[in-house]
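Below, chains carry the letters A, B, ... as their sequence lines are ordered, and counting in each starts from 1.
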Amino acid sequence: MKIKNQLLQSALVACLTLPGLVIAADAKLTDAQVNEINAQFPMPSGKMLGDSCAACHGTLGAEFNEGMPPLAGMDRQHFIDLMKAFRQGDFPTIVMHDVAYVYTDAEIEAMADYFAALPAEQWPDADTSNSVFLNSDGTIKQIGGAQ
Amino acid sequence: MKLMNKNFRLKSLLPGLVTGCVIGLASVSSVTVAADYATPAEAWTQITWNQTVKTMPEGDAIRGAQLHRDGLCMTCHGEAGIAPSRNAPSLAGQTQEYTYKTLLDYQSGLRHEGDGKAKLMQAATLPMSNQDMADLAVYYAEQTLPIRVQAPTLELKIDRMVRRGEVDRMIIACASCHGAHGEGNKITPALAGQTSEYFVRTMKAYRDKKRDNDIHEGMAQFAYELTDAEIQALADYYAGLGYQGGAK
Amino acid sequence: MSQLNAQLSRRDLIKRFGAAAVASTGLFGFSHQAWSKQSAHIVIVGGGIGGAATAKYLRIANKDVRITLVEPNPEYTFCPGSNEVFSGHETLENLTFNYDTMKTRYGVNVIQDKAVMIDYDKRQLRLASGEKVGYDKLVVSTGPDFIYDAIEGYSAAHAAGDLPHAWKAGAQTAKLKDQINAMPQGGLLVMSSPDGAYRCPPAPYERMSMIADHLAKVNPTAKMLILDSKNSYTFQDHYEHYWTERYGFGGDNETISWVAERDGGRVVKLDAANKTLITASGEKVKADVINIIPPHKASKFAIDSGLAQGQRWVDFEAKTFKSLVDPNVYVIGDMVNAPMSKTGMIASNQAKVVVESIIADIEGREPGTPFIANNCVAIISEDYGMTIADTHRFAGDTYLVQQRTSAVTDNPYERKIRANLAMNWQRTFRKEIFH
């Protein structure tokens, strides 16, 4: 399958230009560039990385959608193996091969740790209170708190 | 390129000038126009199913393997039909008839579970021919589940339900249809190694009358009486009969 | 932490919080003893995706902070999914949420009022009602406003009346849908698509596709024209590929037409009385239905409160999303000047960066490195979907973006499954924000 690699916006083109439409074709952050950035700044935490997945995989990875599987409670090694397979592009996916390619080994491992520690239970709908996520009065328990 | 003559194009859109080019959509296109999701299909009877099985094409496992990959089946159901996550069923070792019927039922809209849950599979089956379905069915039937060395332990009450059934609640032994090792038989699906979350979701869908594509309530009639705890215990048992995928 | 609350009088606290806290059990998820802790008070302006996500994730991260959300409307209608209302695949009801879950599950004090000004020195937010709300940290997520006068003759009054832009989902969406349904057979619908950064880059073309899908069934001789103020757009290859297949795009009998800016597509004027749009090249196009999507800018509140500093968008410190005007004020969502698309997923993930930043301040530590993802599944019809994946890596004073788009495909499985997944995604995303 053909994939277009597109990189837009370098640090030099930063804040005053309007983003989104100016796309430099066929460019990609090289591993060296990513490594350079990663050497300069601490790695984002597993929670920071993992919570950015929530729009598709649910709050704290706990949505059992038939197209986007729950990540909460997933076996650590299994998560790592899958993400690396997606990253290499040798596993057909809907979008994950285009998502996973940006992550370093260490970032994948940090996310694996984060999700493995979360309860594997469907995030409750608005009117349910019998949940590992909620106290009996409907308030939320402190799970996966600030890093 | 095609947008060169802008003035002409703009003018051609002015209502007064448009009339000449109204031939339009009658002959639409090569695109398959999406099937109407609301169309209900005819429920199966034993007779119609028997006829369908007779006309099931001979499947080709190699073509099935190709479609498993190109059709994105593999994305959710795993490399060799062993689901990589909790919310999709494993298909390895499934009986040919059950896979074939399931694919037909998704395509026709007969299989649904409420909450729009079957729509993704309906979309996935819309492009399939009956030959495609038969190919996939043979491919999955040929895949094998790694069997756990240690058989799962079972509480007495559940063990009895699986092996002997329950006269009081008119529940026939699960094993009598699904096999002593959960291997399934023809239209009765294999359960060994099934993802437990998927098993639970399915049983609750039968119990709560959200799923009704079984022939003459062949499965649902036994699910109505089951408690959540019993369903979970059965799910754990059958999941334990084969490899569970990586989710646990 | 007590100095954080120095600005809040006891009376003020009780006035703003006391009544609500007593009225509803479990509010804030902690007992009244917690009051004595004088926990930080976080006030959020705007109850859309960015604001609601901030409130929810703040509560997940910390049981004790006091959270107030200021939002003028009793309900929020999601923009993601609202184009599907035109094709009948979605309803406005499904897209609309009230703030009950915010109140009861996440212990958020929701004030239905409009924020009008910030007193930075007193750390107070002034509301339209005249009330003042003290804050320790203020998060501003109002979304954008529209530059109506970019098109001469167009106005907010037109938008609220017979010429809805429907770029904020709700009543205008329903109005535009009614107009499309009332269009005469063989009529002409014209859309003006904006330049600059606007909400959801592919959305004008998605909208036209959803309308086309509907018209193909009820008004197959109708024509649709997009007059564009730019020369290219996200997923253009996918849209053109599909439109060519289904709507004869590029041929003499195309039912969807697109005119780029360079070919005279920019609309500069509206003659509302004659239902006519006038382009930069002087071309006049009379339509049965007009949908003008105006260019965007920072919200009136961001401008009035000085956060925009006279610019079109609001600048911020890259690592924390703190305003450059005042470090106790955070700015997120479609109004900020970020090297990111203006999408709901981006806003929700910016909210998580802000939450980390606020919690780090409270705990007296350095905030962690941010990371913002934007993974989008878009649709052209029920049987064609495509994906784009953006990741934004923090790089000191800005973010570096990596982006991949799925290739145009004739694989029917990829097309259909992605299209279906787009709708699944919207369902999951709504829950992530409001449940």
Side-chain angles (χ1 to χ4, degrees), chain A residues 1-11 13-16 18-21 23 28-29 33-34 37 40-45 48-49 51-60 63 65-68 94-95 98-99 101-102 123-126 134-135 137-140 142-147, chain C residues 25-26 29 57 59-63 100-101 104-107 196-197 201 230 232-233 315 337-341 345 348-349 352 356 359 363 368-373 375 377 387 389 391 393-398 400-407 417-418 420-421 424-425 428-429 431-432 435:
Chain A
M1 189 161 49
K2 291 177 299 181
I3 299 295
K4 281 185 301 181
N5 296 330
Q6 296 173 327
L7 161 72
L8 60 119
Q9 303 292 328
S10 74
V13 195
C15 281
L16 288 175
L18 295 174
L21 298 168
I23 294 171
K28 172 185 181 302
L29 286 184
Q33 283 174 299
V34 171
I37 296 169
Q40 261 182 290
F41 308 101
M43 192 183 89
S45 68
M48 175 61 70
L49 294 163
D51 283 352
S52 78
C53 311
C56 305
H57 297 280
T59 305
L60 306 186
E63 186 63 37
N65 185 290
E66 53 283 13
M68 294 159 281
I94 295 164
V95 69
D98 282 349
V99 174
Y101 80 104
V102 302
W123 190 261
D125 281 324
L134 300 175
N135 297 309
D137 63 359
T139 58
I140 195 160
Q142 193 139 358
I143 312 165
Q147 298 272 311
Chain C
T25 44
Y57 274 83
R59 177 58 72 229
I60 290 173
N62 187 297
K63 280 179 174 178
D100 288 354
T101 306
T104 55
R105 178 179 286 176
Y106 300 113
K230 52 191 180 300
S232 63
Y233 56 88
D315 281 327
N337 187 21
M340 303 173 194
S341 297
M345 182 164 172
S348 73
N349 281 338
K352 292 161 197 171
E356 162 62 7
I359 297 295
E363 293 174 356
T369 301
F371 185 93
I372 294 174
N375 301 312
V377 195
T387 63
T391 45
R393 228 169 238 289
F394 173 69
D397 56 356
T398 187
L400 291 174
V401 186
Q402 283 175 280
Q403 183 180 80
R404 275 189 181 182
T405 311
S406 65
I417 290 172
R418 284 184 182 135
N420 192 275
L421 201 80
N424 277 14
W425 176 80
T428 292
F429 184 57
K431 206 174 155 192
E432 140 82 343
H435 284 181

Quiz item: From A/Phe41 CZ over to C/Arg393 CZ, what is the distance, rounded to the nearest 0.5 angstrom?
Solution: 11.5 Å
Self-check item: Interatomic distance, A/Glu66 atom CD to C/Asn420 atom CG [nearest 0.5 angstrom]
Solution: 7.5 Å
Practice problem: Evaluate the side-chain proximity of C/Glu356 to A/Ser45: yes if any heavy-atom separation is below 4.5 Å, no if none is. | Solution: no
Verify, without hydrogens or angle tests, whether [X] (side chain) and [Y] (backbone) share a donor-acceptor contact under 3.5 angstrom.
X: C/Lys431; Y: A/Glu63; result: no
X: C/Arg404; Y: A/Tyr101; result: no
X: C/Trp425; Y: A/Met68; result: no
X: C/Thr428; Y: A/Gly58; result: no

Minimum heavy-atom distance [X]-[Y], with the two atoms named:
X: C/His435; Y: A/Asp125; result: ND1-OD1, 3.8 Å
X: A/Ala54; Y: C/Lys352; result: CB-NZ, 3.6 Å
X: C/Met345; Y: A/Ser52; result: CE-O, 3.5 Å
X: A/Pro44; Y: C/Pro370; result: CG-O, 4.1 Å
X: C/Thr405; Y: A/Asp98; result: C-OD2, 4.1 Å

Quiz item: Tell me, side chain or backbone of A/Ile94 under 4.5 Å from chain C's heavy atoms, or both, or neither?
Solution: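 Both the backbone and the side chain of A/Ile94 come within 4.5 Å of chain C.
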Which atoms of [X] come close to chain A, meaning under 4.5 Å heavy atom to heavy atom: side chain ones, backbone ones, both, or neither?
X: C/Leu421; value: both
X: C/Tyr57; value: side chain
X: C/Asn424; value: both

Quiz item: Among A/Asn65, A/Leu49, A/Val95, which residue forms the greatest number of heavy-atom pairs with chain C at distances under 4.5 Å?
Solution: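 Maximum pair count with chain C is reached by A/Asn65.
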